[in-house]
Amino acid sequence: MLSTTVTGPGPLNPARAAASQQAADLRARARVRRRACTANLDPELRITSADPDFYHQFGRSPSDVCGRSLYELLHPSAPTVFGRHFTRLTERRCNRFAERMVGLKGENGETPFSGELVGIAVHQSDDRLSGIVVMVQPDEEAGEPAATEPLKHRKAILSKLDALVLEGVASGASTVQLASRLYLSRQGVEYHVGLMLRTLKAPNRAALVARAHSMGMLTVGHWPPRVLPEFVK
């Protein structure tokens with residue numbers, strides 16, 4: 001007599017489980033973000049073309065955007081943050097990167113917004129870099145009520161020392177540099193950073209700076225960035 005053995009699905013392959021979790025995480029992130037917009041850059045990071053959503057997101061016309069450096073549409077700290085990423089793309093040390101960003105919307109960059117920027121290298125058949133595609137995925141404004149709240153209704157939530165630490169983090173200073181500059185220990189710097197991470201509900205330093213910009217806490221078009229006095233106790 002022939003017997004039939006019925007087996008269950010068995011244990012989930014760890015690699016498949018990890019891939020499934022990553023896909024779930026990406027879907028969750030997509031739910032709290034708006035649709036990405038795209039632009040094409042030449043190797044010198046000048047914008048050669050973009051989709052309509054890109055022009056709309058930055059509040060600029062095609063004639064105003066094309067031919068300009070991508071950095072002109074981003075916060076002044078962008079060269080420090082993105083320079084190493086674009087260098088790695090140019091030198092073929094990577095083909096793609098993703099980094100938090102602060103964009104400047106409007107002809108005068110009067111409205112900052114936070115989000116994520118993804119850069120993808122495009123190479124010619126002889127392996128030379130022919131250009132870079134960038135995708136900008138803004139944070140969902142509906143989930144960021146503080147980003148549209150008028151300045152006059154903002155509360156002073158930072159101490160003077162917190163403000164100095166935030167300004168240093170926003171300008172790219174390391175913990176050691178901040179400790180020397182502010183006469184604090186490294187643990188003291190990390191303590192104040194930790195307080196602000198909890199206060200602004202940010203998971204890391206990059207998100208802390210982006211969150212501060214989206215709330216209008218930091219000056220726009222000024223380097224190094226400064227915390228506006230309305231937010232300092």
Minimal non-hydrogen separation, [X] against [Y], with atom names:
X      : Y      : result
Gln57  : Cys37  : CB-SG, 4.0 Å
Ala173 : Arg181 : CB-NH2, 3.8 Å
Leu89  : His123 : O-NE2, 4.1 Å
Ala39  : Ile47  : CB-CG2, 4.4 Å
His75  : Thr219 : NE2-O, 3.9 Å
Met101 : Val136 : SD-CG1, 3.7 Å

Which residue pairs pass the ring pair (Phe, Tyr, Trp, His ring centres under 6.0 Å) test with at least one member in residues 53-74, sequence neighbours excluded? Phe54-Phe58, Phe58-Phe113
According to ring pair (Phe, Tyr, Trp, His ring centres under 6.0 Å), does anything in residues 170-201 pair up with another residue at least two apart or in another chain? List the pairs. none
Tell me, do [X] and [Y] make a side-chain contact under 4.5 Å, heavy atoms counted?
X      : Y      : value
Leu161 : Leu184 : yes
Glu116 : Val118 : yes
Leu104 : Thr111 : no
Pro43  : Ser130 : no
Leu158 : Lys233 : no
Val134 : Ile132 : yes
Val189 : Leu182 : no
Phe82  : Leu45  : no

Expected output: side-chain [X] to main-chain [Y] donor-acceptor under 3.5 Å:
X      : Y      : answer
Glu167 : Val227 : yes
Asp51  : Thr38  : yes
Arg226 : Leu218 : no
Ser114 : Val102 : no
Ser180 : Gln177 : no

Single-linkage hydrophobic cluster, 4.5 Å side-chain cutoff, [X] and [Y] together:
X      : Y      : value
Met135 : Val65  : no
Ile157 : Leu195 : no
Leu41  : Ile120 : no

What orientation do Phe97 and Phe86 show, parallel under 30°, tilted 30 to 60°, or perpendicular over 60°? perpendicular
Does the pair Leu197 and Asn204 meet the rule for a side-chain contact (heavy atoms from CB on, under 4.5 Å), with working shown? CA-CA 7 Å; Leu197 290 176; Asn204 52 50; 5.5 Å; no
Electrostatic pair [X]:[Y] at N-O distance under 4.0 angstrom:
X      : Y      : value
Arg100 : Asp139 : yes
Glu190 : Arg205 : yes
Glu99  : Arg84  : yes

Is the count of non-hydrogen atoms from other residues, nucleotides or ligands lying under 6.0 Å from Arg186 atom CZ greater than 12? no
Test side-chain contact (heavy atoms from CB on, under 4.5 Å) on Arg60 and Leu73; report intermediate values, then the result. CA-CA 10 Å; Arg60 310 280 186 109; Leu73 304 182; 3.7 Å; yes
Could you state the interatomic distance from [atom1] ([X]) to [atom2] ([Y]), rounded to the nearest 0.5 Å?
X      : Y      : atom1 : atom2 : result
Met217 : Leu228 : CE    : CG    : 8.5 Å
Arg46  : Ser69  : CZ    : OG    : 9.0 Å
Leu166 : Leu208 : CG    : CG    : 5.5 Å

Side chains of Asn40 and Thr48: donor-acceptor distance under 3.5 Å anywhere? no
